[in-house]
Amino acid sequence: MKNPEPTNRSCGAGMPEKMQSRYDHTTAEPETYKQWEESGAFNPDKLPDAKGREPYTIIMPPPNANGHLHAGHAMFVTIEDIMTRYARMNGKSALWLPGADHAGFETQVVYEKKLEREGRTRFEMSREELYKEIMAFTLENKSHMEGELRSLGASCDWSREKFTLDPAVIETVYDTFKKLYADGLVYRGKRIVSWCPKHQTSFSDLEIADVERVDPFYYLQYGPFVIGTSRPETKFGDKYVVMHPDDPRYANYADGQKIELEWINGPITATVVKDEAIDMEFGTGAMTITPWHDAVDFGIAERHELDREQIIDERGRLLPIAGEFAGMKIAEAREKIIAKLKGKGLLVKVDEKYNHVVRTCYKCGTVIEPQIKDQWFVKTKPLAERALQAIEKKEVSFIPERYETICRQWLENIIDWNISRQIAWGIRIPAWFCVRCGEARVEPEIKAKWFIVRHGETDSNKSKRLVGQGDVPLNDEGRAQARAAGKKLKSEKIDLIVSSDLGRCRETAAIIAEEIGAEVAYDPAFRERNHGNLEGQLREDLEAKHGNLYRYDERVTDDETHKEVEDRVWVAFQKHRSAHGGKNVILVSHGGVIRMLVKQIRNLTPEDALTRPSVKNAEVLSVDVGPTCPTCEGDLYEQDTDTFDTWFSSGQWPFITLGYPDGKDFKKRYPTDVMETAGEIIFFWVTRMIMLGLYVTGEVPFRNVYLHGLVLDAKGQKMSKSKGNVISPLEITTKYGTDALRMALVVGNTPGTSLALAEDRVRGYRNFTTKIWNAARFVYMNRQGGSMSGTPSADDEKNLDELRTVKAEITGHIERSEFHLAAEKAYHYFWHTFADKLIEAAKPRLQGDKTEEKAAAQATLEKLLLESMKMLHPFMPFVTEAVWQKFRPGTMLMIEPW
RNA sequence: GGGCAAUUAGCUCAGUUGGUUAGAGCGUCUCGUUUACACCGAGAAGGUCGCGGGUUCGAAUCCUGCAUUGCCCACCA
């Protein structure tokens, strides 16, 4: 139980203020932080003598704004804050620039889990809705995260804080992408990518976790060959059998030779291919290939220009090529396929305990299903070569040094970087595709936007009656739909609405116009198809009588053909387009009309146009008008829906945050002094910052890289939510104080190695905090109305000398980034020299009756104490500041000269 | 299959360029209710520095081999 202390105010006026007998970090820490922040001294431009100071800059690795800080964050805050505080006290213009990362994929995964708990899914939401919700979620978490950084004592300059989705950040990221594109270093390629069927996105190689598994391995009879596979479900399309050119067992077969053979779903023609990628030692030395779903096979197919067929869809189900197995999930299909093969006598043998490595999604553990997809890639070789040169020339140095080799080896073996992610949360890729031919263009000039909206629901729609040019009104649902569409379009700058003049479109257009405040022009050319005497009849009755109603240029009876609609509508559309030039226009029309409009816009075949699902009531399609496409002469585009891999933007963080290219900070502070971050993200982040920094600015982004290890639990195990051994830094600081946690994280922790965080250790440093407070209280108690002075004795001089020696050693340690040694030395000096020995030795002198002696002893103690506070301040900023201000009211230890 | 790191007191870890009796925190034991502090003080026990070789006047520290553990990388169907 806490013993109630009289408050300071209750002391009589004129009496020296007493120090409370116990230091209460829970109240002192937030107050002190507030005072620091309000003083403005986190901002180097507001430090005393700001102009004469030499720049010192650390860019904070932006924590993910999707949750709370973990122990690893506490580690980086501690180390970077030590660096910053020391630099500031040491007379530098110390800037520690904070930030927050939108963490694209990670955050979307977190948010999807939240949706799942609420019984929702992103696949039912529009991209915009999802983005908006995640943004709200992220901004809320971002502010929590910032509060947590404050409570850890981070002396960073909040006035310069950046978020990875700030407009200025996005602009620079776009500029970099454009530059890469112009230099031929970014390309769009049909390439095999690592696809997660659950998350519906592709990954870079770094996001794949290899897992060892035991699975059955099947030997199958493939014509005259026996092939081995652990994945029979991919074998449907296998029509190439590959072997090593030097394999004597297959010397009789020639490259290109055709062989007829019986396969899973009937006879096929197989082609022999000879390729050196084959390992003669493995299995039978012959294998069939599935280029669409395997990276090695893809490589072979590339070299020999072989056909590729997709067997498995994006959700992990078999496609029609699998015949009777189509639609099945892989696990289900595998057994059945094997059963069938066995039935046909094609199963030679099974090795039940085959040990192999399976590539899985690092987030959900789902087996990665390689797919061939169009993605954006960065050609990393030239960038990596430049980075290697810089490392070679020691323009960047690493602590610990071994990371230099690790980094170099990775850069030497780098492969192209897939930077597109199929998620909504992130920076959308500034590329547009020609809707006619699919050609990609980076940031074309968009002259206008067209939105095509189908009218809202009518009772006829609902009852499935054929209504063409008949004039029917919207029903209540239809009006609500129109209203919703209007609201959605509000943010677009619409100049004009063009509408069919039939009632249901008029009404829809009017409601939208009301929402967005634009004029409406009517044009009968956009009326629905004229159904002639079929008008008003039930669709199913007509289908029963006439068969398929979706015919292209053939009448059912006396109705208008789709082709005629197409011609009429396309002429009208083109006429309006030229009339309304650069305007943003909404076109309100009918299902049949939109179908034919889409056919023209996308250059679809009649069959494709007529079989695709119709647009829903009040559904909004959009298309951008851009420059004439050099390939097909179309000028309509739609923007890529993919977003950048989050590391593509954070890889540019140092120069972005400093305001490249013209910012004052950029000119003064780039390259920065230190990049301090977790060793585990060296490939994800550090190497990419070096590559992109050099590429964009011509200089390395930082001179030094300091990498810390993992923070483990007390038993030395990796913390993870699933293990339930996660230590929350906030719980620890609430219990023992931030100063104690910081000491526990820094003492005994060498750079690059992991640290087990045991609560006992934190408690030990909490005790140290108390020790500091009490020693200070003793010294304070003995001053009589203020600091005293007296001629120091020989012993005093010796003690002051010793302190100077210790301080010089600590300074050396800090300068060499040996924070663990510096902290321990300061700790040891304070407790076991200053408190245990020097205070005890001074007691008789203080209690004696010689005033001069007393004053000298007191003055020395005070000097030793305050110097100790300075030495300890970078490590334990809170308690040292509190003590300092008791002795030197009106000043701030944080900005005292070291 | 490669690469890297670690192996020091019961536990978690320091030990900077090789130099006198190898350190810290926590834990254990003994003593101490001395007016800064029991979230304390004084003291103690506890280590053949993973194992084997080598270099050296001298090795926890450098070299080499081995063992164990952990991490990273890698397209064997």
* Carefully, step by step, assess A:Tyr354 and A:Phe217 under the rule ring-ring contact (aromatic ring centres under 6.0 Å, His included). => CA-CA 6 Å; A:Tyr354 173 60; A:Phe217 189 77; 4.4 Å; yes
* Run the salt bridge (Lys or Arg N to Asp or Glu O under 4.0 Å) check on A:Glu404 and A:Arg408 step by step: do they pass? -> CA-CA 6 Å; A:Glu404 183 184 314; A:Arg408 246 199 344 241; 3.0 Å; yes
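In this structure, the nucleotide among B:C40, B:A77, B:U16 sitting nearest to the side chain of A:Trp831 is B:C40. Which of B:C37, B:C76, B:A77 sits closest to the side chain of A:Tyr354 comes down to B:A77. Set against B:C26, B:G41, B:A77, the side chain of A:Lys771 has B:G41 as its closest nucleotide. Looking at the side chain of A:Met287, the nearest of the listed nucleotides B:A14, B:G25, B:A77 is B:A77. In the set B:C72, B:U16, B:A42, B:A42 carries the atom at the smallest distance from any side-chain atom of A:Asp836. Here the side chain of A:Arg816 is nearest to one of B:U16, B:A74, B:A36, namely B:U16. Minimum atom distance to the side chain of A:Glu818 is reached by B:U16, of the listed B:U16, B:U12, B:C72. In this structure, of B:C72, B:A36, B:A77, it is B:A77 that holds the atom nearest to the side chain of A:Phe282. Between B:U16, B:C37, B:C39, one nucleotide has an atom nearer to the side chain of A:Leu821 than all others, and that is B:U16.
Remark: the A:Asn418 side chain and the A:Ser202 side chain contain an N/O donor-acceptor pair separated by less than 3.5 Å. Between the side chains of A:Tyr829 and A:Glu802, no donor-acceptor pair is found at a separation under 3.5 Å.
Base engagement by A:Ile278 is indicated by at least one non-hydrogen atom pair under 4.0 Å involving a base atom. Among the protein residues, A:Thr753 comes within range of the sugar-phosphate backbone only, with heavy atoms under 4.0 Å from sugar or phosphate atoms but none that close to a base.
Atom CZ of A:Arg763 and atom P of B:A38 are 17 Å apart (whole Å). Distance CG (A:Asp760) to C1' (B:C13): 14 Å, rounded to an integer number of Å. When the P atom of B:C76 is taken as reference, atom NE2 of A:His244 falls 16 Å away, rounded to whole Å. To the nearest angstrom, P of B:C76 lies 16 Å from CG of A:Asp275. Rounded to an integer number of Å, the gap from A:Ile289 CD1 to B:C76 C1' is 15 Å. The distance from atom CZ of A:Arg359 to atom P of B:A74 is 8 Å, rounded to the nearest whole Å. Rounded to whole angstrom, the span from the CD atom of A:Glu412 across to the C1' atom of B:G3 amounts to 13 Å. Regarding A:Arg761, its CZ atom lies at a distance of 7 Å from the C1' atom of B:U12, rounded to whole Å.
For the pair A:His813 and B:G15, the criterion of a side-chain N or O lying under 4.0 Å from OP1 or OP2 is not met. Note on A:Lys843: a side-chain N or O is less than 4.0 Å away from OP1 or OP2 of B:A36. For B:A77, neither phosphate oxygen OP1 nor OP2 lies less than 4.0 angstrom from any side-chain nitrogen or oxygen of A:Tyr218. Between A:His820 and the phosphate of B:G15, there is a side-chain N or O to OP1/OP2 separation shorter than 4.0 Å. Contact annotation: A:Asn767 reaches the phosphate of B:C40 (side-chain N/O to OP1 or OP2, under 4.0 Å). A sub-4.0 Å separation between OP1 or OP2 of B:A14 and a side-chain N or O of A:Thr750 is present.
With A:Trp647 as reference, A:Phe684 is the one residue of A:Phe684, A:Phe203, A:Phe683 to meet the ring-ring contact (aromatic ring centres under 6.0 Å, His included) rule. Remark: of the listed residues A:Lys353, A:His356, A:Arg334, A:His356 is the sole one forming a side-chain hydrogen bond (donor to acceptor under 3.5 Å, both in side chains) with A:Asp215.
Summarising the base pairing, B:U56 is matched to no nucleotide, lacking a Watson-Crick or G-U wobble pair whose two defining distances lie under 3.5 Å. Across all strands shown, the partner of B:G70 is B:C4, judged by Watson-Crick or G-U wobble contacts whose two distances both fall under 3.5 Å. Remark: B:C40 base-pairs with B:G32. Criterion, Watson-Crick or G-U wobble with two distances under 3.5 Å.
In the interface, the side chain of A:Arg402 is not paired with the base of B:C4 through any donor and acceptor atom under 3.5 Å apart. Between the base of B:A36 and the side chain of A:Glu840 there is a donor-acceptor pair shorter than 3.5 Å.
If you take CD1 on A:Ile79 and CD on A:Glu676, they are separated by 4.5 Å, rounding to the nearest 0.5 Å.
Taking the P atoms as reference points, B:A22 lies 12 Å from B:G47, given to the whole Å.
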